[in-house]
Amino acid sequence: MSVGTSRPREVRGSGTRSPVSRADADPDSGLGVDPDDLPDGLVVADESGRVVCFNAAAARITAVSQDDALGSPIERALPLEDLEGRRWWTLTDPYGGLATRTGQPERNLLLPGGREVLVSARYVRTRPTGPLRRLVVSLRDTEARRRTERSHAELIATVAHELRSPLTSVKGFTATLLAKWERFTDDQKKLMLETVDADANRVTRLIAELLDISRIDSGRMEVRRQPVDIGAAVGRHVQAHVAAGSPADRFLVRVRHPLPDLWADPDKIDQVLSNLLENAVRHGEGTVTIEVEPTDPVGTTVTVSDEGPGIPEESMNRVFTRFWRGSKRGGTGLGLYIVKGIVEVHGGTITVGRGPAGGAEFRFTLPVGAPAYLTS
């Protein structure tokens, strides 16, 4: 690709072709890009400040047609104001300001009607301190950023709500014990301390979930692969539920042998199984069936299903999103989001559907085989 040289080139607007100087792509590389193919808005003005390129994304974001924008002064085609209502082109003065400037960093600006857009600009000069040859403006819709901000706000609100209850309980019981220790019997003290311990565990679990979400969202979740006996892991989780009071006949485990060797992070696989079984026991009904079987190509599939009412069809696509709750019976709504992240960081997939008995059915598949450092 030629970067150091440029020549006038035709850039397409809305059926209108207008000349614009831009770096030319190598004709043999096949990398020429139509501005209308760009995901962000692109507006280019020439040395006189008139628009020579106004792509489809810019037209969509600004609600200004390409035909109206092409050939118009940049301040008319793109009448931007800052958040205090000042005209942005007057403030920045790209054609008459300091010749040492190379552009404007991304910032929130307003279109007519008050709609916010993210705008950045690049000043292309004939030489480092020469006159402006082209003004290149990038536009981005703020809706994606707003969704992210709303998601963060929801996360903060959820965390605050989930922390308030156990911390209030811990504070109340510890303050009472410290102030009136001698007035309580040993049984009463034990009950209070058990409650404090359970609430502390609840806070610890929430903090662990938040750390997992942070690692998943940032792509920093680490997987320490070891041989995992998935059938034995399922058996341990079932026994834990039975020891906690669930009837043994509520669980049906089917393991189809031989299973291929599975190399995975045992702690994270335990986390996946714990979430799925807890979800089935708490929100499902009847028998909870866990099936483990080999799949082609080489992999292991685990299916957890129940006989409850299942998940409504309209909610299926939201099950693995943050804060989704199948019912009002407790939980942060973060567990299945974390489950999906763990499965995917292992290179696997997870789906949700309706089981044979009508309840919810979660199925995840993990690729198997030894890590590369053992096979090389």
Side-chain angles (χ1 to χ4, degrees), residues 144 147-148 151 155 205 207-238 240 253-280 288-306 311 315-324 326 331-355 360-376:
R147 284 197 298 268
T148 301
S151 178
L155 180 60
R205 283 195 302 271
I207 292 172
E209 286 180 341
L210 294 175
L211 290 173
D212 285 335
I213 287 176
S214 174
R215 295 186 184 110
I216 291 169
D217 288 348
S218 63
R220 292 186 294 106
M221 177 169 279
E222 296 180 358
V223 176
R224 296 178 173 85
R225 295 183 186 272
Q226 302 173 33
V228 174
D229 186 338
I230 192 70
V234 168
R236 288 197 305 273
H237 283 277
V238 169
V253 179
R254 297 188 184 124
V255 181
R256 213 175 94 197
H257 294 286
L259 293 172
D261 294 334
L262 173 63
W263 286 74
D265 189 316
D267 291 336
K268 290 181 172 55
I269 297 304
D270 278 341
Q271 195 173 351
V272 170
L273 292 173
S274 175
N275 269 285
L276 294 182
L277 263 68
E278 178 70 21
N279 186 74
V288 176
T289 302
I290 307 101
E291 298 179 273
V292 184
E293 57 187 343
T295 53
D296 292 325
V298 183
T300 298
T301 294
V302 179
T303 305
V304 179
S305 59
D306 61 72
I311 299 171
S315 298
M316 290 285 187
N317 62 342
R318 296 188 290 110
V319 167
F320 297 110
T321 59
R322 293 181 186 179
F323 313 119
W324 183 85
T332 61
L334 300 175
L336 292 176
Y337 177 83
I338 294 171
V339 163
K340 183 175 185 288
I342 291 174
V343 170
E344 290 181 346
V345 82
H346 278 83
T349 58
I350 185 167
T351 59
V352 61
R354 191 168 294 279
E361 178 181 273
F362 290 89
R363 175 175 296 165
F364 68 93
T365 300
L366 298 174
V368 299
Y373 68 86
L374 291 179
T375 57
S376 58

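No experiment lies behind these values; they were computed from the predicted model shown.
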* Check the pair Ile338 / Glu209 against side-chain contact (heavy atoms from CB on, under 4.5 Å), numbers first and verdict last. => CA-CA 8 Å; Ile338 294 171; Glu209 286 180 341; 3.7 Å; yes

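Taking the salt bridge (Lys or Arg N to Asp or Glu O under 4.0 Å) definition, one finds that Arg215 meets it with Asp212, sequence neighbours left out. Arg220 meets the salt bridge (Lys or Arg N to Asp or Glu O under 4.0 Å) test with no other residue; sequence neighbours excluded. For the side-chain contact (heavy atoms from CB on, under 4.5 Å) test, residues two or more places apart in sequence or in another chain that qualify with Val319 are Ile311, Trp324, Leu336, Val352, Phe362. Applying the side-chain contact (heavy atoms from CB on, under 4.5 Å) rule to Pro266 yields the partners Gln226, Val228; only residues at least two apart in sequence or on another chain are considered. For Ser274, the side-chain contact (heavy atoms from CB on, under 4.5 Å) partners are His237, not counting sequence neighbours. In this view, Arg318 satisfies the salt bridge (Lys or Arg N to Asp or Glu O under 4.0 Å) rule with no residue, not counting sequence neighbours. Applying the salt bridge (Lys or Arg N to Asp or Glu O under 4.0 Å) test to Arg256 and every residue at least two apart in sequence or in another chain returns Glu293. Applying the side-chain contact (heavy atoms from CB on, under 4.5 Å) test to Arg254 and every residue at least two apart in sequence or in another chain returns Leu252, Thr289, Glu291. Judged as a side chain to side chain donor-acceptor pair (under 3.5 Å), and not counting sequence neighbours, the contacts of Thr365 are Thr301.
The minimum heavy-atom distance between Pro258 and Pro294, with the atom names listed, is O-CG, 3.7 Å. A pairwise comparison of heavy atoms in Lys268 and Met221 identifies CE-CG, 3.6 Å as the closest pair. The minimum heavy-atom distance linking Gly231 with Val255 is given by the pair CA-CG2, 4.3 Å. Contact record, Val298 with Pro260: CG1-CB, 4.0 Å, taken as the closest heavy-atom pair. Nearest heavy-atom pair, Asp265 versus Glu222, reported as atom, atom and distance to 0.1 Å: OD2-O, 4.0 Å.
Between Thr303 and Phe364, every side-chain heavy-atom pair lies at or beyond the 4.5 Å cut-off. Considering only heavy atoms from C-beta on, Thr295 stays 4.5 Å or farther from Thr300 through its side chain. The shortest distance between side-chain heavy atoms of Ile290 and Leu277 falls below 4.5 Å. Leu273 is listed as a side-chain neighbour of Ile230, based on a closest heavy-atom distance under 4.5 Å. You'll find the side chain of Val368 stays beyond 4.5 Å of the side chain of Asp261, heavy atoms only. In this structure the side chain of Tyr337 never reaches within 4.5 angstrom of the side chain of Asn275, judged on heavy atoms.
Within the structure, salt bridge (charged side-chain N to carboxylate O under 4.0 Å, His left out) contacts touching residues 339-352 (residues at least two apart or in different chains) are Lys340-Glu344. Sorted by first and then second residue, the salt bridge (charged side-chain N to carboxylate O under 4.0 Å, His left out) pairs with a member in residues 228-237 read Arg236-Asp270; sequence neighbours excluded.
Atom CG of Leu262 sits about 6.5 Å away from atom CD1 of Ile269, to the nearest 0.5 Å. Note that CZ of Arg205 is 13.0 Å distant from CG of Leu334, once rounded to the nearest 0.5 Å. Distance CZ/Arg224 to CH2/Trp263: 15.5 Å, rounded to 0.5 Å. For the atom pair Leu276 CG and Gln271 CD, the distance stands at 11.0 Å (nearest 0.5 Å). Considering CG of Leu366 and OG1 of Thr349, their distance stands at 8.5 Å, rounded to 0.5 Å.
At a cut-off of 3.5 Å, with distance as the only test, no side-chain donor of Arg363 or Thr351 sits close to an acceptor on the other residue.
Remark: the backbone N or O of Leu210 is not paired with any side-chain donor or acceptor of Ser214 at under 3.5 angstrom.
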